[in-house]
There are 2 protein chains.
Amino acid sequence: MKDIRPKLVKLLKENYCTPQILKIAKNLKEPSTTIHYNIKKLEEEKVIKTYKAVFDYKKIDEGFCSYALINLSSEEYVNPEKIAMDLSKYPEIESIDICTGDWELVLKIRTKDQDEYYNFIKNVLSRKGIVKIKSLTSLKQLKTEFVKLF
Amino acid sequence: MKDIRPKLVKLLKENYCTPQILKIAKNLKEPSTTIHYNIKKLEEEKVIKTYKAVFDYKKIDEGFCSYALINLSSEEYVNPEKIAMDLSKYPEIESIDICTGDWELVLKIRTKDQDEYYNFIKNVLSRKGIVKIKSLTSLKQLKTEFVKLF
DNA sequence: CATATTATTGAATAATATTCAATTATTTAT
DNA sequence: ATAAATAATTGAATATTATTCAATAATATG
């Protein structure tokens, strides 16, 4: 049997979805051509970045979720964007923010388990520029990506 | 002119999207019926929770993003789920995690600006059960919901 | 106030999803 | 190991939905 599920997950995680114009039209009690026109406009204006799926991450081997609060070295501190943009390529990282306060970078990271998280920290985050990491491990997710999980 | 854009945003933020089976089929070089069968299965098994849009939040009056690290009172500490589930109803909250470490709750909050964030903290988060809040304000988002923003 | 631009909409068409039935592959029980 | 049962793949037919187009209405602009 072909195992296309991981491939599906990969595609749907960022893309390969589209709005349901007719259902929206029915919900808002407007003609579907009006909805179509307005959504296309939101897309052209880049108000909408993409359409995607939200998963039960426990079921796709991403059940371990942690926030990594990061301090940068004094060299990287002045330009955190470089390191942040570089980190954005890792599929384990759900979000990256450059922040004010005690930590310069806040990452949300999803891995299969604590072991994989440890390896990710060791292999990816222990690098020149990152001098200190504080991990806040999620015991339970109640909401993610604006979607309730219960 | 009808202002249906906020209504569209509200619907698309959590729902009213669907996978593009034919495009996925072409990408993976598989018959579209095979893709259809497999995706329906992922939906039935609740591996996929929903399909949604990702926005340029600056363009939908949610340009201010902050992480709220929360300490609970000793009474709430033993059962943080109650308060977490209650908080999940607020559309300003993108994610809620019950965590280990120095803070029991980690919220990701999006508002129009700092003023609105202040009001949200004051009106929603300053409540019985929440004894201390540390805010990490995002200066720049590089990635959100697995989607690169540059 | 006249003109240009933008938004709305119904009807026609194009594109895509879904169903169905047949086949193939895999798992389970003996 | 083999038969029977179950699950997965697929092409062809159908149903559903998105998109285009042209006409009209609303709003903005000079």
Side-chain angles (χ1 to χ4, degrees), chain A residues 1-63 91 112 145-149, chain B residues 1-63 91 112 145-149:
Chain A
M1 214 118 293
K2 313 168 185 176
D3 198 10
I4 57 179
R5 284 168 74 133
K7 293 176 193 169
L8 289 176
V9 168
K10 192 182 176 206
L11 293 182
L12 293 172
K13 210 170 180 183
E14 295 180 46
N15 226 305
Y16 288 90
C17 298
T18 193
Q20 292 178 296
I21 290 173
L22 200 61
K23 283 200 181 150
I24 293 168
K26 280 172 183 164
N27 182 293
L28 298 182
K29 296 185 175 62
E30 297 283 350
S32 69
T33 42
T34 302
I35 302 302
H36 181 265
Y37 176 87
N38 279 277
I39 288 184
K40 289 305 144 192
K41 208 146 167 299
L42 288 171
E43 291 172 2
E44 282 160 21
E45 294 171 11
K46 313 273 191 207
V47 176
I48 294 169
K49 301 220 57 124
T50 193
Y51 305 97
K52 58 158 289 180
V54 175
F55 297 93
D56 184 336
Y57 294 99
K58 294 187 296 297
K59 294 179 180 165
I60 58 165
D61 281 351
E62 299 188 21
K112 187 181 188 329
E145 296 154 84
F146 295 105
V147 178
K148 282 189 196 180
L149 297 174
Chain B
M1 215 117 294
K2 313 169 186 178
D3 198 12
I4 57 179
R5 283 168 74 134
K7 293 177 191 169
L8 289 176
V9 168
K10 192 180 175 207
L11 292 181
L12 293 171
K13 211 170 179 182
E14 295 180 46
N15 226 305
Y16 289 91
C17 298
T18 193
Q20 294 179 294
I21 290 173
L22 200 60
K23 284 202 181 144
I24 293 168
K26 282 172 183 163
N27 182 293
L28 298 183
K29 295 185 175 65
E30 297 284 350
S32 68
T33 43
T34 302
I35 301 302
H36 181 266
Y37 176 88
N38 278 277
I39 287 183
K40 290 304 144 193
K41 207 144 168 300
L42 288 171
E43 291 172 3
E44 282 160 21
E45 293 171 12
K46 313 273 192 204
V47 175
I48 293 170
K49 300 220 59 125
T50 192
Y51 304 97
K52 58 159 288 178
V54 175
F55 296 94
D56 184 337
Y57 293 99
K58 293 186 296 298
K59 293 179 180 166
I60 59 166
D61 282 350
E62 299 186 24
K112 187 180 189 325
E145 295 154 84
F146 294 106
V147 177
K148 284 188 195 181
L149 298 174

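Every chain is numbered from 1, with letters handed out A, B, ... down the list of sequences. All values derive from a computational prediction rather than experimental measurement.
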Whole-Å gap separating P (D:dA7) and CZ (A:Arg5)
13 Å
Does the pair A:Lys58/A:Asp56 count as a salt bridge with the N-to-O cut at 4.0 Å?
yes
Angle, rounded to 10°, between the helical axes spanning five pairs at each terminus of the helix from C:dC1-D:dG30 to C:dT30-D:dA1?
50°
I'd like to know if the side chain of A:Thr18 and the backbone of B:Gln20 have a donor-acceptor N/O pair within less than 3.5 Å.
no
Between C1' of D:dA7 and CD of B:Glu45, the distance in whole Å:
12 Å
Can you tell me the distance, in whole Å, between the CD atom of A:Glu30 and the P atom of C:dG10?
10 Å
Go through the structure and list residues passing salt bridge (Lys or Arg N to Asp or Glu O under 4.0 Å) with B:Lys7, not counting sequence neighbours.
none
Can you name the atoms? Protein N/O to nucleotides 16-20 of chain D N/O, anything below 3.5 Å, with the distance.
from   : atom 1 : to      : atom 2 : distance (Å)
D:dA18 : OP1    : A:Pro19 : O      : 3.4
D:dA18 : OP1    : A:Ile21 : N      : 2.7
D:dA18 : OP2    : A:Leu22 : N      : 2.6
D:dT19 : OP2    : A:His36 : NE2    : 3.1
D:dT19 : O5'    : A:His36 : NE2    : 3.4

Rounding to 0.5 Å, atoms CG (A:Leu42) and CZ (B:Phe55) come to a distance of 7.5 Å
Write down the distance between CD1 (B:Ile35) and C1' (C:dT16), rounded to a whole number of angstrom.
14 Å
Rounding to an integer number of Å, can you tell me how far A:Leu8 CG sits from D:dA8 C1'?
13 Å
If only side-chain N and O atoms of B:Tyr37 are considered, is one of them under 4.0 Å from the OP1 or OP2 phosphate oxygen of D:dT9?
no
Should the pair A:Lys52-A:Glu145 be classified as a salt bridge under the 4.0 Å nitrogen-to-oxygen rule?
yes
Between C:dA25 atom P and A:Asp3 atom CG, what is the distance in whole Å?
17 Å
For B:Lys10, salt bridge (Lys or Arg N to Asp or Glu O under 4.0 Å) partners two or more places apart:
none
Among residues at least two apart in sequence or on other chains, which ones pass salt bridge (Lys or Arg N to Asp or Glu O under 4.0 Å) with A:Lys148?
none
Between B:Glu43 and B:Tyr51, is there a side-chain donor-acceptor contact under 3.5 Å, judged purely by atom types and distance?
yes
Send over the distance from B:Lys41 NZ to D:dA7 C1', rounded to a whole Å.
8 Å
Would you say A:Asn38 reaches C:dT8's phosphate, i.e. side-chain N/O to OP1/OP2 under 4.0 Å?
yes
Give the table of side-chain donor-acceptor pairs shorter than 3.5 Å for residues 21-33 of chain A, with sequence neighbours excluded, one pair per line with atom names and distance.
from    : atom 1 : to      : atom 2 : distance (Å)
A:Asn27 : ND2    : B:Tyr16 : OH     : 2.6
A:Glu30 : OE1    : B:Lys2  : NZ     : 2.5

